[in-house]
2 protein chains.
Amino acid sequence: MFLRNTGRASSVSNYEGQAASTGEARVNVLRLSGPCERWDERDTDFIREILDLVGDKWSMLVIGVLAGGDARYSDLDTAIPAISRRMLTLTLKRLQRSGLVDRTAYAEVPPRVEYSLTGLGASLLSAIGHLAAWSAEQHTEIRRHQDAYDMSATRSAYLA
Amino acid sequence: MFLRNTGRASSVSNYEGQAASTGEARVNVLRLSGPCERWDERDTDFIREILDLVGDKWSMLVIGVLAGGDARYSDLDTAIPAISRRMLTLTLKRLQRSGLVDRTAYAEVPPRVEYSLTGLGASLLSAIGHLAAWSAEQHTEIRRHQDAYDMSATRSAYLA
DNA sequence: CGGCATCCTAACAGATACTG
DNA sequence: CAGTATCTGTTAGGATGCCG
C-alpha cells in the first residue's frame, strides 16, 4: 500500500528486525525480511502528520497515562511531574482538538474535569507500543554506539 | 514486559484498534483487545529516548530515504527538498552517532560520501511503519476532528 | 562535492502570578 | 481545582558564506 519496493539492495536484509520476527504478514506494514523497500512522498506526509500530532515533548506521555484510565487534570500533573501546567494544558488541548482525547467537565464546586482517551487515541497505543518495544530492545545497543562515538577522536563543536 | 494491566476500565475496549486486527499475540506489544493497560515509568523513558532519537523534524524522513538504498549527501538533499544543508548534516551526524546510519567516505576527487542504514537503523523501519500505517488509516478522521474543533465557538488565544 | 561556521529568527517551553 | 495570561530564557532550525 504505501511502501514500495525498489531494486537497490543495501545491508538491510540480513538483520533480524522486529517485523521479521513476527512471522505474520500484515498488508500495510513494512517487512524487513524481504528485499529493501522505501517510502514514497505520501509516507513522508504521514510521518509528518504523526510527528506534528504526537512528536512533541509531552503528547505521548499524556496518552500513556490516559491509557491507564480516565484521569483528572491534577492526576496528570502528578503522574508527569516534570511537566508544567502550561504545557499540560496546551498538550491536552491539542490532543483534544485532534480527537485523541475527550474532556468532560463536571459543574461542581470545586470543579472536576476528567480526561480520557477516545477510541481514536487508544488506537494509537498499539503503534506507540511498537516504538517503545523497539526502544526497549535496542536502547543498550544505541547507548553503546553513542558512547563509542563520543569517545572517538575530538570532533568539531558543530554537533552539540 | 512493559505494559502492565490496571483494573480501571475506560472506553478503550470496544474500539477495533490496530493491535486487535493483527490477531497475533506479540509478547511485548500492547494489545487493545483486552482490558485497559497503561505504561509504567520505564516505558516513559523508552518513549523519551525514541523521541530524542528520531522525534525531530527530519530524522524519520532521512531514514525513509535511506530505506530505499544507500544515498549520497546530495541525493538526500534532493530527495528531501525542504531540508537545509545544515539540518541534513546535523541529522545525519546524530543518526550516525546512535548507530542508525553508516557513513562511508571515498577518497576521490571530487569527494564522494555514501550514507546507508545500519541493521539497527533498518530495524526501526518496522516500528515507524506501524506509525505511518496508523496515520494513513486515521488521518482523514483526525482532520475531521480538527476542523470541527476549529469551527466550534471562539476559543481563547491561549491555544495557538 | 560535502561539508563546517556564523548569524539570526521564531517556535518551544519554564516560572510565576492571577482567576472563575 | 483547573485552568489563563504574561514574561522570559532556551533551543530548533533557516540563510548564507567559506573551505578542503
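None of these values were measured; they are calculated from a predicted model. Each chain gets a letter, A, B and so on, in the order the sequences are listed, and its residues count up from 1.
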Look at the side-chain N and O atoms of B:Ser74 and state whether any lies under 4.0 Å from the OP1 or OP2 oxygen of C:dG2. yes
To the nearest Å, give me how far apart CG (A:Asp75) and P (D:dG3) are. 12 Å
Report yes or no: does A:Ser98 contribute a side-chain atom to a donor-acceptor pair with the main-chain N or O of A:Leu95 at less than 3.5 Å? no
Reckon B:Tyr115 has a side-chain N or O less than 4.0 Å from the OP1 or OP2 of C:dG3? yes
For nucleotides 16-20 of chain D, print each protein N/O atom paired with a nucleotide N/O atom at under 3.5 Å, atom names and distance only.
residue: D:dG17; atom: O6; partner: B:Arg85; partner atom: NH2; Å: 3.1

Rounded to whole Å, the CG-P distance (B:Asp77 to C:dC4) equals 14 Å
Check whether any side-chain N or O of B:Thr118 sits under 3.5 Å from a backbone N or O of B:Leu100 as a donor-acceptor pair, and report yes or no. yes
Checking B:Ser84 side chain against B:Met87 main chain: does a donor-acceptor pair fall under 3.5 Å? yes
Exam field: side chain A:Ser126 to backbone A:Ser123, donor-acceptor pair closer than 3.5 Å: no
Short side-chain to backbone donor-acceptor contact, B:Ser135 and A:Phe46, under 3.5 Å: yes
Grab the CG-P distance between B:Leu90 and D:dG14 for me, whole Å please. 11 Å
Using a cut-off of strictly less than 4.0 Å, decide whether A:Lys93 has a side-chain nitrogen or oxygen near OP1 or OP2 of D:dG3. no
How long is the line joining CZ of A:Arg94 and P of D:dG3, in whole Å? 16 Å
Could you check whether any side-chain N or O of A:Asp77 sits under 3.5 Å from a backbone N or O of A:Ser74, counting only pairs where one atom can act as donor and the other as acceptor? no
Within this structure, what is the CG-to-C1' distance between A:Leu88 and D:dT4, rounded to whole angstrom? 13 Å
Taken to the nearest whole Å, CD1/A:Ile80 to P/C:dG14 is 12 Å
Does a donor on one side chain sit under 3.5 Å from an acceptor on the other, for B:Ser59 and B:Asp56? yes
Under 3.5 Å donor-acceptor, B:Asp150 side chain and B:Asp147 backbone: no
Proximity to the side chain of A:Met87 - top-ranked nucleotide from C:dA13, C:dC1, D:dA2: C:dA13
Within residues 52-59 of chain A, the residues having a heavy atom closer than 4.0 Å to DNA chain C are A:Lys57, A:Trp58
Flag side-chain contact, heavy atom, 4.5 Å: B:Leu66 against B:Leu76: yes
Is there a side-chain contact between A:Pro111 and A:Tyr106 (heavy atoms, below 4.5 Å)? no
Ion pair check, B:Glu141 and B:Arg143, cut-off under 4.0 Å: no
A:Ile83 CD1 - C:dA13 C1' separation (whole Å): 10 Å
Atom-pair distance (OH on B:Tyr73; C1' on C:dC1), nearest Å: 10 Å
Donor-acceptor pair, side chain of B:Tyr73 and main chain of B:Leu88, under 3.5 angstrom: no
Ordered by number, residues from residues 99-109 of chain B within less than 4.0 Å of DNA chain C (heavy atoms) are B:Arg103
